[in-house]
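Contents: one structure, followed by commentary.
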Amino acid sequence: MTNRRKKFIKGIIGPPARESDFWDREEELAMIWGALETSSVLLLAPRRFGKTSIMLKILDEPKPGWKSFYLDTEWIEGPGDFIVELIARLAEKGAVGKIWGKIQEKVVGAVDRIDEIGVSEFKISLRQRMKKEWREKGTEFLKTLMEVEGQIILITDELSLLVYRLHRNSKQEAEEFLTWLRGMRHIPELLPKIRWLMGGSIGMGQVLKDVGIGSQVINDLQIVNVREFSNEKAREFIKILLETVGRFRNVPIGIINKILEVIECPIPYFVQILIRECLNEMVRQKKSELSEAIIDKAYKEGVLAAYNRTYFDHYYERLQKYYGEEKALLAKNLLTMIARRGIVSKTELFKVYDIATQGTGTEDTFSDLLTELENDFYVVLNMENNTYRFATKVLRDWWLRFHTF
């Protein structure tokens with residue numbers, strides 16, 4: 001049975017979808033598994049597109065002969081912590097039980113067994129040792145995994161955020177870490193044994209450019225992008241959500257099409273927020289049937305309401321956090337112009353950029369900024385007429401609602 005045929009899913013807004021709540025994505029999963037047969041993978045998607053849910057699907061349901069392990073690297077502070085968390089995660093899952101003696105001898109030394117002192121104390125004991133020896137100990141640890149039965153997938157989520165944070169502390173450390181990771185993917189004896197599935201919600205290429213590291217550290221990875229649903233899949237997703245969450249017996253195609261029209265770009269996360277607000281509006285109006293008028297009201301006064309602002313604020317906050325103060329201000333100016341106008345030519349945008357930088361900005365830095373906004377799914381480029389628009393109607397409406405005057 002494919003995920004698309006499932007007849008019960010819960011509306012999940014926030015945490016990743018797992019087990020019966022994970023819906024569809026057969027194409028992305030097929031691309032990932034196909035790529036893992038021959039190489040490691042870089043999975044890219046904006047936040048809230050389902051990237052982590054896909055990674056957890058690989059974790060929960062690996063193919064026969066594969067063992068998968070998941071590590072969220074967003075909160076990791078340095079390469080040593082990365083190695084510690086990796087060792088702890090595999091030991092915690094029982095993957096290294098038979099070879100713990102060798103790991104203790106070559107990697108962790110006199111640190112007690114994780115099952116004797118607990119995960120937290122194990123990490124504390126090991127962390128200090130890994131600060132200076134992370135390359136050697138990390139390499140030794142991965143080599144010991146040759147004795148684990150089956151092939152291994154090491155899933156590292158939000159790697160681009162880790163690299164960005166490493167760079168803020170030390171550019172040299174960030175470069176050394178990425179170079180080491182690439183080297184681990186090319187050790188001959190590890191090649192058929194260990195695959196990496198690395199994920200990022202901000203553009204890895206732009207991160208590398210910002211920190212001054214060449215793309216050669218990731219050019220061996222096969223890139224898989226997570227996009228929005230097709231209209232066909234979105235219609236089925238909407239129908240099942242209304243049937244299971246809203247307990248509708250028969251969902252008119254006109255209602256499904258109206259939801260799709262209002263949301264425009266069928267991102268599952270945005271669809272679920274709209275459907276939740278539709279159901280809330282039905283309760284407020286004491287209606288038993290969903291109408292087009294209710295859908296419009298739910299969108300304008302629910303999805304775009306101040307109480308739902310937290311679902312979208314990260315799009316604004318990440319500009320300041322990852323673009324830097326000067327570039328973030330330039331990006332906000334361009335996004336505001338695009339939001340107000342709907343569609344803006346690249347030439348018009350450059351005029352705004354040129355004025356904002358007082359003529360000090362170059363065409364290259366301008367193009368880099370637009371590429372970054374495109375990679376982070378703020379805008380999309382129409383290559384036929386060289387114009388930009390917001391990537392989603394929801395994001396544009398939200399920007400107009402909260403970030404223009």
Side-chain angles (χ1 to χ4, degrees), residues 1-6 16-45 49-74 76 82-100 102-103 107 114 119 138-159 162 180-200 204 218 220-226:
M1 180 185 293
T2 66
N3 290 309
R4 199 180 305 177
R5 292 173 185 163
K6 289 179 180 175
R18 301 182 78 167
E19 298 178 347
S20 63
D21 296 312
F22 182 88
W23 194 85
D24 201 80
R25 297 301 191 185
E26 287 110 333
E27 289 84 357
E28 288 88 348
L29 289 168
M31 285 189 285
I32 291 169
W33 281 113
L36 287 172
E37 292 291 339
T38 57
S39 67
S40 292
V41 174
L42 180 59
L43 184 66
L44 297 176
F49 263 55
K51 168 182 54 65
T52 299
S53 295
I54 292 172
M55 290 180 143
L56 292 176
K57 185 71 171 179
I58 300 287
L59 172 69
D60 293 337
E61 299 179 19
K63 282 190 172 184
W66 293 82
K67 293 178 179 176
S68 54
F69 304 91
Y70 175 86
L71 184 63
D72 184 357
T73 67
E74 184 171 0
I76 292 177
F82 178 87
I83 303 302
V84 170
E85 293 291 339
L86 195 60
I87 294 172
R89 184 54 51 88
L90 270 73
E92 193 179 5
K93 296 296 182 181
V96 296
K98 295 180 180 179
I99 55 173
W100 183 255
K102 182 175 290 188
I103 293 172
V107 183
I114 193 170
V119 176
T139 301
E140 286 291 346
F141 174 69
L142 291 175
K143 285 183 176 179
T144 61
L145 297 183
M146 289 294 298
E147 297 183 30
V148 175
E149 185 179 349
Q151 291 179 278
I152 295 172
I153 305 170
L154 299 177
I155 304 170
T156 55
D157 202 359
E158 295 299 359
L159 184 68
L162 169 60
W180 174 82
L181 264 184
R182 192 183 197 282
M184 292 303 97
R185 298 193 298 271
H186 288 267
I187 293 178
E189 60 266 35
L190 295 184
L191 275 173
K193 182 73 176 182
I194 298 176
R195 295 282 189 256
W196 296 79
L197 174 56
M198 301 173 173
M204 178 65 85
I218 62 166
D220 62 307
L221 299 170
Q222 286 200 47
I223 296 176
V224 176
N225 281 292
V226 181

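Hydrogens, waters and symmetry mates play no part in the numbers below; they use all other heavy atoms, side chains included.
Under the 30°/60° scheme for interplanar angles, the aromatic rings of Phe82 and Trp180 are found to stand perpendicular.
When side chains are defined from C-beta on, Met146 counts as touching Leu190, because their heavy atoms get closer than 4.5 Å. Considering only heavy atoms from C-beta on, Val41 comes within 4.5 Å of Leu36 through its side chain. Between Ile187 and Leu142, the closest side-chain pair of non-hydrogen atoms is not below 4.5 Å. Counting heavy atoms from C-beta on, the side chains of Glu149 and Lys67 come closer than 4.5 Å. Contact check for Leu145 versus Lys193: no side-chain heavy atoms found under the 4.5 Å cut-off. Arg25 places a side-chain heavy atom less than 4.5 Å from the side chain of Val226. Within the 4.5 Å cutoff, side-chain heavy atoms of Arg185 are placed close to those of Met198. You'll find the side chain of Leu159 reaches within 4.5 Å of the side chain of Leu181, heavy atoms only.
The distance from the CD atom of Glu158 to the CD1 atom of Ile76 is 11.5 Å, given to the nearest 0.5 Å. Rounding to the nearest 0.5 Å gives a distance of 9.0 Å between CG of Leu197 and CH2 of Trp33. A distance of 11.0 Å separates CG of Leu71 from CG of Leu59, quoted to the nearest 0.5 Å. A distance of 10.0 Å separates OG of Ser53 from CG of Asp60, quoted to the nearest 0.5 Å. Atom CD1 of Ile194 is separated from atom CD1 of Ile153 by 11.5 Å, given to the nearest 0.5 angstrom. Interatomic distance, Leu154 CG to Met184 CE, rounded to the nearest 0.5 Å: 12.0 Å.
When every heavy atom of Asp220 is checked against every heavy atom of Ser39, the shortest pair comes out as O-CB, 4.3 Å. Listed here is the closest heavy atom pair of Phe141 and Leu90: CZ-CD2, 4.1 Å. Annotation for Ser68 and Ile155: closest pair CB-CD1, 4.2 Å, computed over non-hydrogen atoms.
Judged by distance alone, the side chain of Thr73 and the main-chain N or O of Thr156 form no donor-acceptor pair under 3.5 Å. Of the possible polar contacts, none joining the Lys57 side chain to the Pro62 backbone as a donor-acceptor pair under 3.5 Å is found.
The environment of Glu189 atom CD is dense: over 12 non-hydrogen atoms of other residues, nucleotides or ligands sit within 6.0 angstrom.
Qualifying salt bridge (charged side-chain N to carboxylate O under 4.0 Å, His left out) partners for Glu85, counting only residues two or more places apart in sequence or in other chains: Lys123, Arg127. With sequence neighbours excluded, no residue forms a side-chain hydrogen bond (donor to acceptor under 3.5 Å, both in side chains) with Asn225. Partners of Asp157 by side-chain hydrogen bond (donor to acceptor under 3.5 Å, both in side chains), not counting sequence neighbours, listed by chain and number: Lys51, Thr52, Tyr70.
Screening Thr38, Ile32, Leu42 against Gln222 for a side chain to side chain contact (heavy atoms under 4.5 Å, CB included) leaves a single residue, Thr38.
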